[in-house]
Amino acid sequence: MEPKENGKEPGRVIEGPTNPMVTPLLNDLYQFTMAYAYWKAGKQNERSVFDLYFRKNPFGGEYTVFAGLEECVKFLANFKLTHQEIDYVRDSLPGSEEAFCDYLRGLDCSDVEVYAIPEGTVVFPKVPLMRVEGPVGVVQLLETPFLNLVNFASLVATNAARHRFVAGKSKSLLEFGARRAQGPDGAISASKYCYLGGFDATSNVAAGKLFGIPLRGTHSHAFVSSFMSTDEIVDKVLQSADGETTCDDFISLVQTWLTKIQYSPSLSGFFSETNQSELAAFISYALAFPKAFLALVDTYDVMKSGIPNFCAVALALNDLGYKALGIRLDSGDLAYLSTEARNFFCAVERELKVPGFGKMIVTASNDLNEETIDALNKQGHEVDAFGIGTYLVTCYAQAALGCVFKLVEINNQPRIKLSEDVTKVSIPCKKRSYRLYGKEGYPLVDIMTGENEPPPKVGERLLCRHPFNESKRAYVVPQRVEELLKCYWRGSAGEAREELPPLKEIRDRCIKQLENMRPDHMRRLNPTPYKVSVSAKLYDFIHFLWLNEAPVGELQ
């Protein structure tokens, strides 16, 4: 899809979706069969309202982070079926009339409006994340792409936020999941939305380029084991950090420091002989990256080889004015090894009089997840940064968020979807949504009202009702009222709309939102459910429409 101009500012262009596979054909067949049936019945231009929402928070928690809105707007702005796509749709609908193809050729989103909660907001079940208004024929074709763009984005952003919560603010979180993600798009999307959810950096170079996410990475076990001895290192020269002096034999300088460590009174008991091929790998890597030396130390033995070898190289770099970054642990007892490594670094600082050496960064990886980080916190550890991959990007603990896209109004007539499972009953009509805040500044409740109801007012007592349970109700006197849905797309209308902020701003919003939640809503175990309600007037209307639409049985 080619980028299109949009909005009241002439010449403004919204680029197409990040993934070029996101086209109008990224759709379920039944969206096109319905579009044809709408057209055949002359209903294709009837004004419809759909809500996109989810029914249950993921991962056993009580909050979700909304993500994917930017990609939805990019899709809207560039929505247009090509001639080849229309030909394929026609061939996929045997018996369809050629005039339907003419209808598809003229389709765009110039008569569609989208109201959404800002991306990066903490959200809750039943509250519409997006409200999509427009001709039913075209809006129906937005359902599958929108759900595809929002479901995984919100799920992985929430997963990232949960990992951030358990790790704490002071730890660095690095997304290392590209190799384990579900395909290229899974990797790119996960990197973007993990960053949005509070991670600090990614190993994914493509995501770094696309989204400006900071990159992090060092080397693998393969690099370490590829060396046999220091004889393989041809260029031993390293210039000092200030460029004023040159070390002609960096290998010898490292060997000197290794000997000092080995015979240092407080360090001698840790090891005797280290693995020399590992030492060669570390030296080679330091020569390549003297300003960013961070070594993987568990290829052979962490305490008897990896840590002493790292320290020798780091001390040699220190002589030349460089500061090594630290180590990465990718196996073993991470709590014990990180603590022992920190003790060793502190002993080097004291014994060899090297200020700051004890503050080396300790990074841990090795199939980490919420549970393992929580366990490490309880055991006590010295890890500064966590590199997390598989469990993060695949959302191993839950496969999908389960967003849905439901018709709530057509031609100004509210519609409801009924079910024997009350959680699947939709909330009808075009609605407005508000977040009400209490005296302590925390959000208390989200409330949905009919479009034409007066908004809640600060200091005025308001009855909030559970949508379906008549006994669950409470009065609230809000200290602050925030309207949640904002207009992000007005089609060809000249009115103003919300701009799409850069990813860094969305990330900052997400972090601030999470910090502003009440702690008992956020905890991992037995969190307190956040209250989602409707106004008394909307409650009455839901149940009136429910009774009106539900067939009455007859007993024989």
Side-chain angles (χ1 to χ4, degrees), residues 1-2 4 6 16-17 19-53 68 71-115 128-151 402-419 424 426 428-430 489-493 549:
M1 297 188 293
E2 294 297 320
K4 281 182 60 176
N6 163 65
N19 188 335
M21 289 190 293
V22 180
T23 72
L25 287 196
L26 183 65
N27 237 316
D28 293 302
L29 178 62
Y30 82 163
Q31 310 293 8
F32 284 102
T33 62
M34 283 189 286
Y36 181 72
Y38 287 137
W39 175 83
K40 188 75 172 171
K43 288 175 61 71
Q44 73 274 19
N45 292 322
E46 292 186 2
R47 194 74 182 175
S48 63
V49 181
F50 285 78
D51 285 346
L52 189 155
Y53 60 95
E71 294 295 326
C72 290
V73 175
K74 287 180 175 181
F75 175 70
L76 276 174
N78 296 276
F79 183 95
K80 195 73 179 174
L81 282 97
T82 66
H83 294 302
Q84 293 88 349
E85 289 171 338
I86 292 170
D87 289 344
Y88 183 77
V89 171
R90 180 188 58 212
D91 294 342
S92 300
L93 300 176
S96 59
E97 299 176 29
E98 185 61 33
F100 177 63
C101 295
D102 296 334
Y103 164 70
L104 291 179
R105 289 186 189 97
L107 271 190
D108 60 23
C109 291
S110 60
D111 200 23
V112 172
E113 295 183 19
V114 172
Y115 297 81
L129 307 179
M130 300 170 67
R131 187 179 79 218
V132 187
E133 306 176 26
V136 68
V138 65
V139 174
Q140 195 73 70
L141 293 175
L142 301 177
E143 175 179 359
T144 300
F146 275 15
L147 290 174
N148 181 271
L149 292 169
V150 170
N151 261 313
C403 288
V404 294
F405 192 81
K406 296 299 180 184
L407 178 71
V408 295
E409 187 173 291
I410 191 159
N411 291 336
N412 296 315
Q413 296 299 310
R415 307 308 296 147
I416 189 170
K417 189 266 179 191
L418 300 180
S419 172
K424 293 191 173 184
S426 62
C429 77
K430 187 190 295 188
W489 180 258
R490 288 189 191 273
S492 60
E549 295 290 345

- Query: Can Gln140 and Tyr38 be said to form a side chain to side chain contact (heavy atoms under 4.5 Å, CB included), step by step?
  - Reply: CA-CA 10 Å; Gln140 195 73 70; Tyr38 287 137; 2.9 Å; yes
- Message: Under the criterion side chain to side chain contact (heavy atoms under 4.5 Å, CB included), I'd like the reasoning laid out for Tyr88 against Thr82: C-alpha separation, chi angles, the key distance, then a yes or no.
- Response: CA-CA 10 Å; Tyr88 183 77; Thr82 66; over 6 Å; no
- Task: Kindly determine whether Val408 and Phe50 satisfy side chain to side chain contact (heavy atoms under 4.5 Å, CB included), including the steps that lead there.
- Result: CA-CA 6 Å; Val408 295; Phe50 285 78; over 6 Å; no
- Checking side chain to side chain contact (heavy atoms under 4.5 Å, CB included) for the pair Leu52/Val132: CA distance, chi angles, key distance, verdict? CA-CA 8 Å; Leu52 189 155; Val132 187; 5.7 Å; no
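Residues satisfying the side-chain contact (heavy atoms from CB on, under 4.5 Å) criterion with Asn45, sequence neighbours excluded, are Pro135. Every residue meeting the ring-ring contact (aromatic ring centres under 6.0 Å, His included) condition with Phe100, not counting sequence neighbours, appears here in chain and number order: Tyr36, Trp39, Tyr103.
At least one side-chain heavy atom of Ile416 sits less than 4.5 Å from a side-chain heavy atom of Leu418. Contact check for Phe75 versus Cys109: no side-chain heavy atoms found under the 4.5 Å cut-off. A heavy-atom distance below 4.5 Å is not found between the side chains of Ile410 and Val49. Within the 4.5 Å cutoff, no side-chain heavy atoms of Thr144 are placed close to those of Leu26. Inter-residue side-chain proximity for Asn27 and Pro145 is flagged as met; some heavy-atom pair is nearer than 4.5 Å. Side-chain contact between Met130 and Val114 is present, with heavy atoms from C-beta onward closer than 4.5 Å. Annotation: side chain of Glu71 is not in contact with side chain of Val22 (no heavy-atom distance under 4.5 Å).
Applying the salt bridge (charged side-chain N to carboxylate O under 4.0 Å, His left out) test to every pair with at least one member in residues 128-139, sequence neighbours left out, gives these pairs: Arg131-Glu133, Glu133-Lys430. Sorted by first and then second residue, the salt bridge (charged side-chain N to carboxylate O under 4.0 Å, His left out) pairs with a member in residues 22-40 read Lys40-Glu97; sequence neighbours excluded. Evaluation of the salt bridge (charged side-chain N to carboxylate O under 4.0 Å, His left out) test over residues 134-144, restricted to residues two or more places apart or in two chains, returns none. Judged as a salt bridge (charged side-chain N to carboxylate O under 4.0 Å, His left out), the pairs with a partner in residues 407-416 (not counting sequence neighbours) are, in order, Arg415-Glu549.
The aromatic rings of Phe405 and Phe146 stand perpendicular to each other, their planes meeting at an angle above 60°, with 30° marking the opposite boundary.
Counting only distance, with no hydrogens or angles, the side chain of Asn78 and the backbone of Lys74 share a donor-acceptor pair below 3.5 Å. Looking only at distances, a side-chain donor or acceptor of Thr23 sits under 3.5 Å from a matching main-chain atom of Leu25. In this structure, the side chain of Ser48 engages the main chain of Gly134 through a donor-acceptor pair within 3.5 Å. Between the side chain of Asn19 and the main chain of Met21, a donor-acceptor pair closer than 3.5 Å is present.
Of the inter-residue distances, the one linking Leu104 atom CG with Glu85 atom CD reads 10.5 Å to the nearest 0.5 angstrom. Considering CD of Gln31 and CG of Leu141, their distance stands at 7.0 Å, rounded to 0.5 Å. Remark: Ile86 CD1 to Glu98 CD distance equals 9.5 Å, nearest 0.5 Å. To the nearest 0.5 Å, atoms CZ (Phe79) and CG (Leu142) are separated by 6.0 Å. Annotation: the span from Asn412 atom CG to Glu46 atom CD amounts to 11.0 Å, rounded to 0.5 Å. Distance check: Leu93 CG to Leu29 CG gives 6.0 Å after rounding to the nearest 0.5 Å.
Each of Val150, Asn148, Leu149 was scored for a side-chain contact (heavy atoms from CB on, under 4.5 Å) with Cys403, with one residue passing: Val150.
Within a 6.0 Å sphere centred on NZ of Lys417, heavy atoms belonging to other residues, nucleotides or ligands number more than 12.
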